[in-house]
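The next block holds one structure in the form of structure tokens; read it before the comments.
All values reported here derive from a predicted model rather than from experimental measurement. Each chain gets a letter, A, B and so on, in the order its sequence line appears, and its residues count up from 1.
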Protein chains: 2
Amino acid sequence: MTDLLWGRQQPPSRGPKPAMTLDGIARAAIAIADAEGLDAVSMQRVAGELPFTKMALYRYVPGKAELVAVMTDLAMGLPPEHPERPWREALKTWALDLYAGFEMHPWLLLSTVGRRALGPNELTWMDRGVQALAGSGLNGGEQLDSLAVIAGHVRTIAQQSLTLPGGTTGTTEEDITATLTEVLSAQAERFPSLAAALGTAAGSENQGLEFGLDRILDGIELLITARKD
Amino acid sequence: MTDLLWGRQQPPSRGPKPAMTLDGIARAAIAIADAEGLDAVSMQRVAGELPFTKMALYRYVPGKAELVAVMTDLAMGLPPEHPERPWREALKTWALDLYAGFEMHPWLLLSTVGRRALGPNELTWMDRGVQALAGSGLNGGEQLDSLAVIAGHVRTIAQQSLTLPGGTTGTTEEDITATLTEVLSAQAERFPSLAAALGTAAGSENQGLEFGLDRILDGIELLITARKD
DNA sequence: TGAAACTGTGTCCGACGGACACAGTAATGT
DNA sequence: ACATTACTGTGTCCGTCGGACACAGTTTCA
């Protein structure tokens with residue numbers, strides 16, 4: 001698994017030249033996932049996009065889980081380059097870049113659940129994020145934990161606001177808020193605080209991302225300045 | 001779907017009495033998921049635990065997705081009761097209670113991805129959380145967004161530290177950190193900040209949960225006190 | 001010029017979710 | 001009382017999935 005993700009495979013000396021590449025397979029799979037969701041990615045379907053049969057893919061990938069891992073790291077890509085900035089701005093743009101990645105490939109929300117092997121691109125994202133906090137005075141664990149909070153928040157908001165195409169869970173946001181307000185109006189006495197909060201909540205456009213980020217960064221800043229003294 | 005979750009089904013007048021209950025089915029499914037992971041929950045398997053056939057379940061549940069939804073809300077349960085406390089402590093114990101829920105049923109991390117219909121228990125959790133911020137001076141949207149940040153962080157940490165039984169993604173934490181340190185020692189120059197951070201990171205026991213929570217709550221407190229002036 | 005190693009293919013399997021028709025059962029209307 | 005109606009649980013069947021395996025064709029090395 002790790003070998004696959006990190007491209008550690010010595011090319012064999014004998015035998016016919018491979019007609020496909022792992023990269024090409026993963027790209028085909030990514031195209032399917034982007035268009036129709038991760039559930040639409042089956043070995044048959046991927047092979048169908050390429051002029052090969054299903055079983056030929058297994059010469060490049062041990063199984064579907066590994067294919068998804070390769071897809072994931074490839075789709076994540078490298079984080080965009082930015083000029084050097086103070087840690088807070090750097091972290092904020094890092095988070096917005098990450099959100100843009102989820103926006104481009106919503107199925108990443110599904111393929112990155114649970115503990116899994118990390119690929120080079122994903123590790124580069126982490127490195128870039130930690131880099132922003134390198135001179136902050138926080139120790140390594142605190143830097144990693146801070147980054148986890150931010151990445152987790154980006155995930156949360158992406159999960160709330162993005163529509164996964166084709167997924168069985170693909171409920172429209174209007175649909176879900178519609179049933180929510182319906183239930184809440186019918187049983188307002190059962191969820192009084194929630195009903196009140198939803199009542200005074202304006203049509204919150206994606207301000208949830210910014211709001212949470214600012215809170216988190218405020219909290220981190222508080223710790224950093226406290227450390228500096 | 002919503003009808004199922006909220007128990008809105010009028011009992012039919014004619015015909016044989018149902019031999020099962022939706023609740024019983026969901027409990028059997030939860031037991032399987034707890035022991036062997038969510039992937040082990042198939043209609044066949046659930047029916048096998050009960051003295052009935054697979055197709056009999058479809059008299060109670062339209063499909064597997066709905067079964068998972070019912071399982072999810074049931075396993076989430078109601079949030080524990082706590083005496084009234086200031087908002088910050090209330091939110092913190094709310095978060096710890098939520099984490100305990102994920103600990104008890106790790107598959108909830110998988111079954112609660114993406115937008116989906118919310119059940120009564122889950123809504124009660126939300127209500128309880130918002131309740132803590134009711135008198136804080138934040139408006140409804142801010143209360144909901146704050147809660148989302150906290151819940152998202154709990155999810156993130158749970159995802160990092162909990163092992164999903166039976167899952168294909170079930171890699172051990174030691175295993176994953178082992179390959180991580182192996183890769184980082186081999187290519188330290190490629191991920192300098194990350195390598196440095198991991199170097200100075202002590203064996204971070206689940207302090208990630210507390211750390212992030214404190215940062216987030218600090219950030220929220222900052223906003224609240226700023227509002228109060 | 002074999003022999004060895006590798007590629008792509010075809011066939012087969014078990015498990016999955018689910019459609020559908022069927023027999024049995026309980027309440028209803030006449 | 002009895003037929004009708006509505007419901008329950010069952011058995012059979014289908015398409016799709018991931019994947020094991022044997023096989024034929026192709027390239028390279030001894």
Side-chain angles (χ1 to χ4, degrees), chain A residues 1 3-4 9-26 28-29 32-33 36-72 107 110-111 166-170, chain B residues 1 3-4 9-26 28-29 32-33 36-72 107 110-111 166-170:
Chain A
M1 167 74 96
D3 299 351
L4 261 212
Q9 9 197 25
Q10 65 285 11
S13 57
R14 305 203 226 191
K17 297 291 167 199
M20 299 185 265
T21 61
L22 177 58
D23 199 82
I25 296 173
I32 297 171
E36 306 171 44
L38 193 61
D39 290 347
V41 176
S42 72
M43 300 303 270
Q44 310 241 30
R45 187 87 168 62
V46 174
E49 298 291 311
L50 309 164
F52 294 96
T53 62
K54 176 187 71 166
M55 291 316 291
L57 302 181
Y58 286 95
R59 296 286 174 196
Y60 299 81
V61 161
K64 199 198 174 178
E66 287 81 2
L67 173 57
V68 173
V70 174
M71 282 174 67
T72 299
W107 49 271
L110 296 173
S111 69
T168 57
T169 58
Chain B
M1 167 74 95
D3 299 351
L4 261 214
Q9 8 195 27
Q10 64 287 11
S13 56
R14 308 203 224 192
K17 297 292 167 199
M20 298 185 265
T21 60
L22 177 58
D23 200 82
I25 295 173
I32 297 171
E36 305 171 43
L38 193 60
D39 290 346
V41 176
S42 72
M43 300 302 271
Q44 311 241 32
R45 188 85 167 64
V46 174
E49 297 292 311
L50 309 163
F52 294 95
T53 62
K54 176 186 72 164
M55 292 314 291
L57 302 182
Y58 286 95
R59 297 283 174 197
Y60 299 82
V61 162
K64 199 197 173 177
E66 288 80 2
L67 173 58
V68 173
V70 173
M71 282 174 66
T72 299
W107 50 271
L110 296 174
S111 70
T168 58
T169 58

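- Across the protein-nucleic acid pair, A/Gln10 atom CD and C/dA5 atom P stand 14 Å apart, rounded to whole Å.
- At a threshold of 4.5 Å between non-hydrogen side-chain atoms, the residues B/Val70 and B/Val61 do not count as touching.
- Here CD1 of A/Ile32 is found 4.5 Å from CZ of A/Arg45. Values are rounded to the nearest 0.5 Å.
- Rounded to a whole Å, the CD atom of A/Gln44 is 14 Å from the P atom of C/dT11.
- Whole-Å rounding puts the A/Arg59 CZ to D/dG25 P distance at 16 Å.
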request  = Let me see the working for A/Tyr60 and A/Thr21 under side-chain contact (heavy atoms from CB on, under 4.5 Å), right down to the final yes or no.
outcome  = CA-CA 8 Å; A/Tyr60 299 81; A/Thr21 61; 5.8 Å; no
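- Nearest-nucleotide positions on DNA chain C place A/Gly15 closer to the 5' end than the other of B/Gly15 and A/Gly15.
- DNA chain C lies under 4.0 Å from at least one heavy atom of each of the following residues of residues 49-58 of chain B: B/Lys54, B/Met55, B/Tyr58.
- The side chain of A/Met43 sits closest to D/dG18 out of D/dC23, D/dG18, D/dG9.
- We find that NZ of B/Lys64 is positioned 15 Å from P of C/dA19, with the value rounded to whole Å.
- OP1 or OP2 of D/dT28 has not a single side-chain nitrogen or oxygen of A/Ser13 nearer than 4.0 Å.
- Rounded to whole Å, the distance from NZ on B/Lys17 to C1' on D/dG9 is 16 Å.
- Computed from coordinates, the A/Asp39 CG to C/dC16 C1' distance equals 14 Å when rounded to whole Å.
- In this structure, B/Glu66 CD and B/Asp3 CG are separated by 11.0 Å, a value rounded to the nearest 0.5 Å.
- Counting heavy atoms from C-beta on, the side chains of A/Val41 and A/Val68 never come closer than 4.5 Å.
- Take the nearest nucleotide of DNA chain D for A/Gly63 and for B/Met20: the residue whose nucleotide is more 5' is B/Met20.
- Heavy-atom minimum distance, B/Met1 versus B/Ala69: SD-CB, 3.8 Å.
- Checking D/dC29, C/dA27, D/dG18 against every side-chain atom of A/Arg14, the shortest atom distance belongs to D/dC29.
- Considering only side-chain atoms of B/Pro16, the nucleotide from D/dT8, D/dG9, C/dA27 that sits closest is D/dT8.
- The closest side-chain heavy-atom distance from B/Met71 to B/Leu67 is below 4.5 Å.
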